[in-house]
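Worksheet for the structure shown next.
Scope of the values below: all heavy atoms of this structure, side chains included, with no hydrogens, waters or symmetry mates.
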Amino acid sequence: MKEKSFTTTSGIEIKEIYTTAKPLTEAPGEFPFTRGIQKDMYRGRLWTMRQYAGFSTAEESNKRYHYLLKQGTMGLSVAFDLPTQIGYDSDHDMAEGEVGKVGVAIDSLKDIEILFDGIELQKITTSMTINATASILLAMYIALAKKQGADIKQISGTIQNDILKEYAARGTYIYPPKPSMRIITDIFEYCSIEVPKWNTISISGYHIREAGSTAVQELAFTLANGKAYLNAALEKGLDINVFAKRLSFFFNCHNNFFEEIAKFRAARRMWAKITKDLGATDEKAQMLRFHTQTGGSTLTAQQPLNNVIRVTNQALAAVLGGTQSLHTNGYDEALSLPTEAAAKIALRTQQVIAFESGVTDTVDPLAGSYFVETLTDEVEAAAQLYIDKIDAMGGSVNAIENEYIQNEIADAAYRYQVEVEAATRVIVGVNKFTQEQEGITEVFTIDESIRTIQTEKINKLKSERDNIAVEKALKNLREAAKGTENLMPYILIAVEAYSTLGEIADTLRNVFGEY
């Protein structure tokens with residue numbers, strides 16, 4: 001009888017017992033930061049507890065934000081609907097059926113003013129999951145901060161702004177890769193001077209993993225994309241010791257507890273070496289800071305309360321892996337957007353880990369574990385093989401254009417699905433320990449009238465604003481896009497004139513084309 005083999009989700013063999021490991025030589029807070037980026041980690045400051053939220057109109061999302069802040073959320077994380085993500089106003093034909101569905105509909109600065117009504121931007125951090133239109137949403141946020149009287153040099157938060165993973169795994173891109181990279185480096189340059197505390201990119205492995213990659217592929221493709229952004233900024237003449245400090249990462253956390261912890265530890269070590277090799281001498285420019293979200297694709301519609309256990313397992317792995325920020329999914333998200341009850345349990349999960357489990361009392365508590373240290377080395381080595389292949393192709397942009405990364409993810413997703421269907425990979429409640437469908441008493445639904453509401457708001461805005469100022473701002477943006485100037489100041493002027501998101505995106509579409 002063939003002996004059963006044990007492997008991680010990435011196919012790394014797991015031994016029955018580990019008796020040695022390569023010793024760690026650095027302390028927490030020291031290069032290459034395997035053990036964490038701060039000397040005291042959570043003893044000094046807990047991770048930021050975020051809850052990803054946004055749906056329907058700005059008015060409705062604003063109510064949810066106030067609810068979450070009252071429950072103890074430490075930072076807001078904004079989800080935008082698909083039309084907003086791909087640069088269409090709510091009244092556009094392409095927006096039909098999607099307005100307010102997977103996030104909040106934002107058509108202009110007016111909507112941002114409503115979204116953050118009663119919330120002082122200088123007193124919170126805001127993460128915005130936005131990519132192709134990140135420059136426009138950031139400009140709206142800056143414009144609102146100015147209207148609130150905030151010092152924009154003090155506002156802090158993150159825009160995802162990671163277009164390469166959109167081409168590879170997710171699909172909400174607008175322009176071709178090269179002009180998209182120009183917009184991203186324009187944001188780097190602008191924010192380094194005007195909004196220095198803002199994280200200008202969150203290089204995302206999350207969506208790569210949601211598309212079906214393994215843990216090793218998530219790590220490798222994310223860091224390869226990070227290298228591409230570093231090189232693009234260096235080519236623009238930016239100082240790596242300045243702009244690299246404002247780069248952050250966004251990782252997924254799945255069910256294989258020790259592999260996920262090893263992935264996070266390896267990520268810090270690998271990024272420290274990558275930035276150092278490209279000329280970073282400031283330790284803060286070598287540090288990999290990251291936000292984690294628990295694995296959306298691991299949630300099941302069958303027996304949905306099992307998802308509470310999955311999310312807890314994943315959140316604990318993220319904390320033991322040294323995350324700086326964490327979002328925990330609602331147990332009902334395989335069925336709908338999270339209800340208030342599910343969002344509250346998700347937040348309470350983080351709070352119980354933080355204040356009751358004791359895992360925050362010492363730094364890197366799994367350091368020195370023969371298994372964890374060996375697995376960290378093995379995850380790093382496997383990820384490095386992928387990065388070397390991508391480097392040989394000329395970097396991530398070429399690897400994406402040649403569909404190498406997309407094909408690797410698709411192959412991994414197919415293998416995973418075959419294992420689930422054959423029940424060689426057990427999913428509790430799906431292919432083992434099944435039962436009659438467990439009922440969920442409440443499911444979150446979105447009112448279909450939202451598009452009508454948003455269209456009325458757009459029509460009212462266009463009748464009240466200074467349309468001559470809008471035309472001038474959009475014309476100047478178009479001319480700047482044809483040249484080489486930084487686009488951010490022109491986008492900010494257009495936003496402040498109450499140009500709509502779609503008008504600004506269309507102006508750039510007319511110059512750059514669509515991909």
Can you tell me if T34 and R265 form a side-chain donor-acceptor pair at under 3.5 Å? no
Looking at F188, I'd like to know if the NZ or CZ of K236 sits under 6.0 Å from its six-membered ring centre while staying within 45 degrees of the ring's axis. no
Would E380 and R268 pass as an ion pair if we require N to O under 4.0 Å? no
Would you find more than 12 non-hydrogen atoms of other residues, nucleotides or ligands less than 6.0 Å from I468 atom CD1? no
Just verifying a value: how many Å separate H327 NE2 and T129 OG1, rounded to the nearest 0.5 Å? 9.0 Å
Looking just at side-chain N and O atoms, do T328 and Q350 make a donor-acceptor pair shorter than 3.5 Å? yes
Side chain to side chain, Y190 and I142, heavy atoms closer than 4.5 Å: yes
The side-chain hydrogen bond (donor to acceptor under 3.5 Å, both in side chains) partners of N486 (sequence neighbours excluded) come to E189
Can you tell me how far apart CG (L316) and CD1 (I353) are? Round to the nearest 0.5 Å. 5.0 Å
Is it the case that Y141 and T126 place a side-chain donor and acceptor less than 3.5 Å from each other? yes
Keeping E333 on the side-chain end and G330 on the backbone end, is there a donor-acceptor pair under 3.5 Å? yes
Looking only at the side chains, is there a donor atom on one of E166 and T172 sitting less than 3.5 Å from an acceptor on the other? yes
Taking the six-membered ring for Trp, are F249 and W271 closer than 6.0 Å centroid to centroid? yes
Centroid separation under 6.0 Å, is that true for the rings of Y515 and Y175? no
What closest approach, in Å, do M488 and L138 show between heavy atoms, and which atom pair accounts for it? CE-CD2, 4.1 Å
Please check if the number of heavy atoms outside Q154 that lie under 6.0 Å from its CD is greater than 12. yes
Check the side chains of Q293 and N329 for a donor-acceptor pair under 3.5 angstrom, ignoring hydrogens and angles. yes
Cation over ring, R509 on Y88, under 6.0 Å and within 45°? yes
Is any side-chain heavy atom of R478 closer than 4.5 Å to a side-chain heavy atom of L508? no
Donor-acceptor pair between Q85 and T133 side chains, under 3.5 angstrom: no
What's the verdict on salt bridge (Lys or Arg N to Asp or Glu O under 4.0 Å) for R246 and E194, showing C-alpha distance, side-chain angles and the deciding distance? CA-CA 13 Å; R246 304 278 30 119; E194 301 295 337; over 6 Å; no
Would you say NZ of K273 has more than 12 non-hydrogen atoms from neighbouring residues, nucleotides or ligands within 6.0 angstrom? yes
Measure the shortest side-chain to side-chain distance between E464 and L461 over non-hydrogen atoms and say whether it is less than 4.5 angstrom. no
Within this structure, what is the CG-CG distance for the pair L230 and L223, rounded to the nearest 0.5 Å? 10.0 Å
Just by distance, no angles: are the side chains of D89 and T500 close enough, under 3.5 Å, to form a donor-acceptor pair? yes
L76 vs I124 side-chain heavy atoms within contact, under 4.5 Å: yes
State, without any angle test, whether R64 and N62 hold a side-chain donor-acceptor pair at a distance under 3.5 Å. no
Option among D391, N225, N231 that satisfies the side chain to side chain donor-acceptor pair (under 3.5 Å) test with S396: N225
Indicate yes or no for a side-chain donor-acceptor contact from T292 to the backbone of T323 under 3.5 Å, with no hydrogens or angles considered. no
Donor on one side chain, acceptor on other, Y229 and D162, under 3.5 Å: yes
Distance col, row L474:CG vs T507:OG1, nearest 0.5 angstrom, shows 4.0 Å
For the atom pair NZ (K110) and NZ (K460), what is the distance rounded to the nearest 0.5 Å? 7.0 Å
Output, in order, the C-alpha distance, side-chain angles, deciding distance and verdict of salt bridge (Lys or Arg N to Asp or Glu O under 4.0 Å) for R209 and E260. CA-CA 12 Å; R209 193 67 175 280; E260 295 302 307; 3.0 Å; yes
Any chance the side chains of Y490 and E485 put a donor and an acceptor closer than 3.5 Å? yes
Donor-acceptor side-chain pairing of T48 and R50 below 3.5 angstrom: no
Any side-chain heavy-atom pair from Y65 and D117 closer than 4.5 angstrom? no
Other residues, nucleotides and ligands only: do more than 12 of their heavy atoms fall within 6.0 Å of NZ on K153? yes
Are M270 and Q384 side-chain neighbours, meaning at least one heavy-atom pair lies under 4.5 Å? yes
Where the side chain of S108 meets the backbone of Y498, is there a donor-acceptor pair that is under 3.5 Å apart? no
If I take atom CG from residue L247 and atom CZ from residue R289, how far apart are they, to the nearest 0.5 angstrom? 8.0 Å
Counting C-beta onward and ignoring hydrogens, is there a side-chain heavy-atom pair between W47 and V319 closer than 4.5 Å? yes
Does R451 reach the side chain of Q454, with side-chain heavy atoms less than 4.5 Å apart? no
Donor-acceptor contact below 3.5 Å, side chain Q351 vs main chain M49: no
Is a side-chain N or O of D107 found less than 3.5 angstrom from the main chain of S90, in a donor-acceptor match? yes
Using the test side-chain hydrogen bond (donor to acceptor under 3.5 Å, both in side chains), find all partners of S248 that sit at least two apart in sequence or belong to another chain. none
Pi-cation contact, F221 with K165 (under 6.0 Å, within 45°): no
Side chains of N199 and T158: is there a donor and an acceptor less than 3.5 Å apart? yes
Do you know which two heavy atoms are closest between A79 and V102, and how far apart they sit? CB-O, 3.9 Å
Shortest non-hydrogen separation from K263 to N252 and the atoms involved: NZ-O, 2.6 Å
Does one side chain, of E210 or S297, offer a donor that lies under 3.5 Å from an acceptor on the other? yes
Heavy atoms only: give me the nearest A318-C253 pair and the separation to one decimal. N-SG, 4.0 Å
